Amino acid sequence: MGFRVSQDNYALEVFESMNQIEDMRSSLLNWFKLNGRHWIPWKVKSDGNVPKIQEKLPVYPIWVAEVMLQQTQLKVVLPYWEKWMRTFPILPDFAHALDHEVLLLWQGLGYYSRAHRMHQASKKLLDIIGHADSLDPDSWPSDIDSWIALPGIGRNTAASIISSAFNVPASLLDGNVKRILARLIGSKKILSKDSARLWKLSDLLLDNHEPRNFNQALMDLGSTVCTIKSPKCCCCPWKKYCLAYHQGNPTEFPIKGPKKLLPDFVIGIGLIFNDLGEILIAQRKSNQSMGGMWEFPGGKQEEGESIEYTIIRELQEELGIKVRVGNILLEFDHSYTHKKLHFVVYFCELISGVPKPLASLQLKWVKSHELVNYPFPAANKKMISALKKYLLLSKDSEAL
DNA sequence: TAAGCGTGGGG
DNA sequence: TCCCCAAGCTT
């Protein structure tokens, strides 16, 4: 027993003694007992009780949750996780599911490559587990390297999974922990260039006897006390050790690099109906971003081009058809992580040609009530709700 | 190493 | 309304 990193000089730079580190661990764990979020559904047993220290938890629900939680807030994940567990209660259900079903469940969560990678990982895990009972935690890998080897699982997610499920000592460095540690040592480095040091620090602090509780305590502290905007230092079990607290400037940490400004584009979209009243949708190629998701056809406006011409040109290039641009349905802004788009959506009339999937996986003509059966990214969801409103109104006016 | 990748919550 | 950014991973 003892500390794995006790010989690390960095420990002596940051802390006075190993006794201090012990004290930090116990004060955090005591805080957690009283103030932790002990209700998170994948971190309690099926009877709702908190697991004992050495008790193992079902791995599949934890793995699903941890992937959903990548760059995504707990509050957003909860309803998705619940629906997921109702749809695919055990690993084989998920591993045998169609990509289409998986994307439908993921729709709205963002970062859709997570869903694809998790689906690939599900098949590998099913292989690893073989004929053993997938509900038994002992059937699953409990070492960090096996998890990191799976698609979509990095060091942080792997550590989170094995410490949660098996109480295996593995330190975390997610957004919460980075913020806490950067404040603790008053790091003057830009956060993105400080991760090696923060990983060491997280490793040094980890309680090797209760890693599950310690890790969860850190994340709960980050999300309820050591918050980004207005940290509640009064209630923090680590305030006496925290340099930023003593300096009185916790919100100045962590230090971020210069923000880059996002490129702007205008996107023209064409809504095309056939004689049956069906609308044309296209499935994105799997090597594109948002691969496998469906969308309405269209594309980027070029320099000096009217938006109507953009739509005519894009539908010619991507579908091999000629269209006449009719009335506008709506326009709106939609920002991604790395670009800002302004969508302009027009009704179009097919003049000649048969649509072909020249730039997509496949095309489909669907009734408007069938759109719910296809996964769409958020920007297209906005178009769908505007279209439904429009169709309802035009139906009403016909009735008059 | 730094850029690419979605979305919705919150100030 | 606008901006920041979250339980990050991959290339």
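Below, chains carry the letters A, B, ... as their sequence lines are ordered, and counting in each starts from 1. This structure is a prediction, so every number in the text was calculated from the model and none was measured.
Salt-bridge check for Lys364(A) with Glu278(A): failed, with every basic side-chain N at 4.0 Å or more from each acidic carboxylate O.
Distance from the side chain of Thr337(A) is smallest to dT7(B) among dA7(C), dA3(B), dT7(B). Closest to the side chain of Asn156(A), from the set dA2(B), dC9(C), dA6(C), is dC9(C). Candidate nucleotides dC9(C), dA7(C), dC3(C) were compared by shortest atom distance to the side chain of Lys340(A), and dC3(C) ranks first. The side chain of Val76(A) sits closest to dG8(B) out of dG8(B), dA7(C), dG6(B).
Comparing the C1' positions of dT10(C) and dG8(B) gives an interatomic distance of 23 Å, to the nearest angstrom.
Between Lys381(A) and dT7(B) there is no side-chain N or O to OP1 or OP2 distance below 4.0 Å. Taking side-chain N and O atoms only, Lys259(A) has a distance below 4.0 Å to OP1 or OP2 of dC4(C).
By the 6.0 Å and 45° rule, Arg155(A) stacks over the aromatic ring of Trp199(A). Relative to the six-membered ring of Phe376(A), Lys381(A) misses at least one condition, a distance below 6.0 Å or an angle of at most 45° to the axis.
Using a 4.0 Å heavy-atom distance criterion, Lys193(A) is classed as a sugar-phosphate-only contact. Counting non-hydrogen atoms under 4.0 angstrom, Met290(A) reaches the backbone sugars and phosphates but no base. Note on His334(A): only backbone sugar-phosphate atoms sit closer than 4.0 angstrom, heavy atoms only; bases stay farther off. If you check every strand for non-hydrogen atoms under 4.0 Å, Gly108(A) touches sugar and phosphate atoms only. Counting any heavy atom pair closer than 4.0 Å across all strands shown, Ile62(A) reaches no nucleic acid atom.
The base of dG6(B) sits with one of its N or O atoms less than 3.5 Å from a complementary donor or acceptor on the side chain of Thr72(A). For dG8(C), its base never sits under 3.5 Å from the side chain of Thr157(A) at any donor and acceptor pair. Donor-acceptor pairing under 3.5 Å, judged by distance alone, is present between the side chain of Arg37(A) and the base of dA7(C).
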